[in-house]
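Worth knowing before you read on, the calculation uses all heavy atoms, side chains too, and leaves out hydrogens, waters and symmetry mates. Chain identifiers are assigned alphabetically (A, B, ...) following the order of the sequence lines, protein sequences preceding nucleic acid strands; residue numbering begins at 1 within each chain.
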There are 2 protein chains.
Amino acid sequence: MIDPNADRAVFRQLADLLRDRILSGKLAPGEKLPSELRLTQEHGLSRTTVRQAMAILRSEGLVVVDRPRGTKVRTTEPTETVTLRKGDTASTRMPSPAERRDLDLAEGVPVVVITRADGSTELYPGDRTRVGR
Amino acid sequence: MIDPNADRAVFRQLADLLRDRILSGKLAPGEKLPSELRLTQEHGLSRTTVRQAMAILRSEGLVVVDRPRGTKVRTTEPTETVTLRKGDTASTRMPSPAERRDLDLAEGVPVVVITRADGSTELYPGDRTRVGR
DNA sequence: AGAGATTTGTCCGTATGTATT
DNA sequence: GAATACATACGGACAAATCTC
């Protein structure tokens, strides 16, 4: 359970608890998390604290908000493979808001940056891309 | 400036403003951002709103917190190249808190997951890794 | 040693808006 | 219209770490 006297912040403890449920499969992809109101009641917390926990899970890419139906466990997308040719390299980083919109990325999903041998670059959605050779 | 009546939320406008200063180089890597208190005063906002803006920049990997000295523009790290052999693939995602600690990652920095031809996987810090062939 | 200032972190409360069911 | 659920924004209070005098 959640211990207000523990070293770890309460909102982090709540995020840990929900993350465990997601990673263990108790909360399956597509399934709705308890609403913020329910979480405040079940754990005796303010809505601010609950929202901080949810923000962590969003930033980790574990959940997506389907407003105003609720917050759901993110479903895994089918991936396409991008092939690295000789001289190409790949890197990753978080997208800007504009890039997020262009690539239709959820919060907490990185972008893959392919740098071709000629110096040109291409951006790919991190949740739908694998890099191969 | 920041317009409370605009379509875009105030904290997003503030994040946009600071992001512009970072990406344009007006705020150089390693340099300190204005403190939260200063930002509340300069823009007439509550600390909650300022903190929401800062959270965006952290989640984008643009700034790191050096507490209690302040929040600074993230410096770029030298990268090592990981070589992809035949049958290997690479993907990316946000790390769990445990992985963040193990790899010493700042907020808003993804991990690179290398899946070798034999099925084994390796994790690398997204800000210090390039994938080549 | 100590006191005070600074800065971010954590937590609470309230209010209102917007979109969907 | 009512109920639900998340988003935005304000306010206050105290803690912890660091720096300055």
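- Using a 4.0 Å cut-off, no side-chain N or O of B:Arg69 falls inside it from OP1 or OP2 of C:dT6.
- Between the side chains of A:Thr79 and A:Arg130, no donor-acceptor pair of N or O atoms lies under 3.5 Å.
- If you take CZ of A:Arg58 and C1' of D:dA7, they are 9 Å apart, rounded to a whole angstrom.
- An OP1 or OP2 oxygen of C:dT8 is reached within less than 4.0 angstrom by a side-chain nitrogen or oxygen of B:Thr71.
- For the pair B:Arg116/B:Thr121, no side-chain contact is recorded, criterion being any heavy-atom separation below 4.5 Å from C-beta on.
- Proximity note for B:Val65 (side chain, C-beta onward) versus D:dA7, D:dT8, C:dT8: the nearest is C:dT8.
- Salt-bridge check for A:Arg128 with A:Glu77: failed, with every basic side-chain N at 4.0 Å or more from each acidic carboxylate O.
- If you measure from atom CG of A:Asp7 to atom P of D:dA15, you get 15 Å, rounded to the nearest angstrom.
- B:Gln52 places its CD atom 15 Å from the P atom of C:dT10, with the value rounded to the nearest Å.
- With C:dG9, C:dC11, D:dT8 as the choices, the nucleotide that has an atom nearest any side-chain atom of A:Val10 turns out to be C:dC11.
- Nucleic acid contact class of A:Arg12 (heavy atoms, under 4.0 Å, all strands): sugar-phosphate only.
- As rounded to whole Å, 17 Å separates atom P of D:dT8 from atom CZ of B:Arg51.
- Rounded to whole Å, atom C1' of C:dT10 lies 12 Å from atom CD1 of A:Ile56.
- For DNA chain C, the residues of residues 33-49 of chain B within the heavy-atom distance limit of 4.0 Å (strictly under) are B:Ser35, B:Glu36, B:Arg47, sorted by number.
- The shortest side-chain heavy-atom distance between A:Val65 and A:Lys72 does not fall under the 4.5 Å cut-off.
- The closest side-chain heavy-atom distance from B:Val131 to B:Val112 is below 4.5 Å.
- Of the possible donor and acceptor atoms, none in the side chain of B:Glu60 sits under 3.5 Å from a partner among the backbone N and O of B:Gly108.
- Closest to the B:Pro68 side chain, of the nucleotides D:dA17, C:dT20, C:dT8, is D:dA17.
- The nearest whole Å value for the distance from the CG atom in B:Asp66 to the P atom in C:dT6 is 18 Å.
- Among the protein residues, A:Arg67 comes within range of the nucleic acid bases, having at least one heavy atom under 4.0 Å from a base atom.
- Regarding A:Asp3, its CG atom lies at a distance of 16 Å from the P atom of C:dT10, rounded to whole Å.
- Counting only heavy atoms from C-beta outward, the side chains of B:Ser96 and B:Arg101 never approach each other to under 4.5 Å.
- When the C1' atom of C:dG9 is taken as reference, atom CE of B:Met54 falls 13 Å away, rounded to whole Å.
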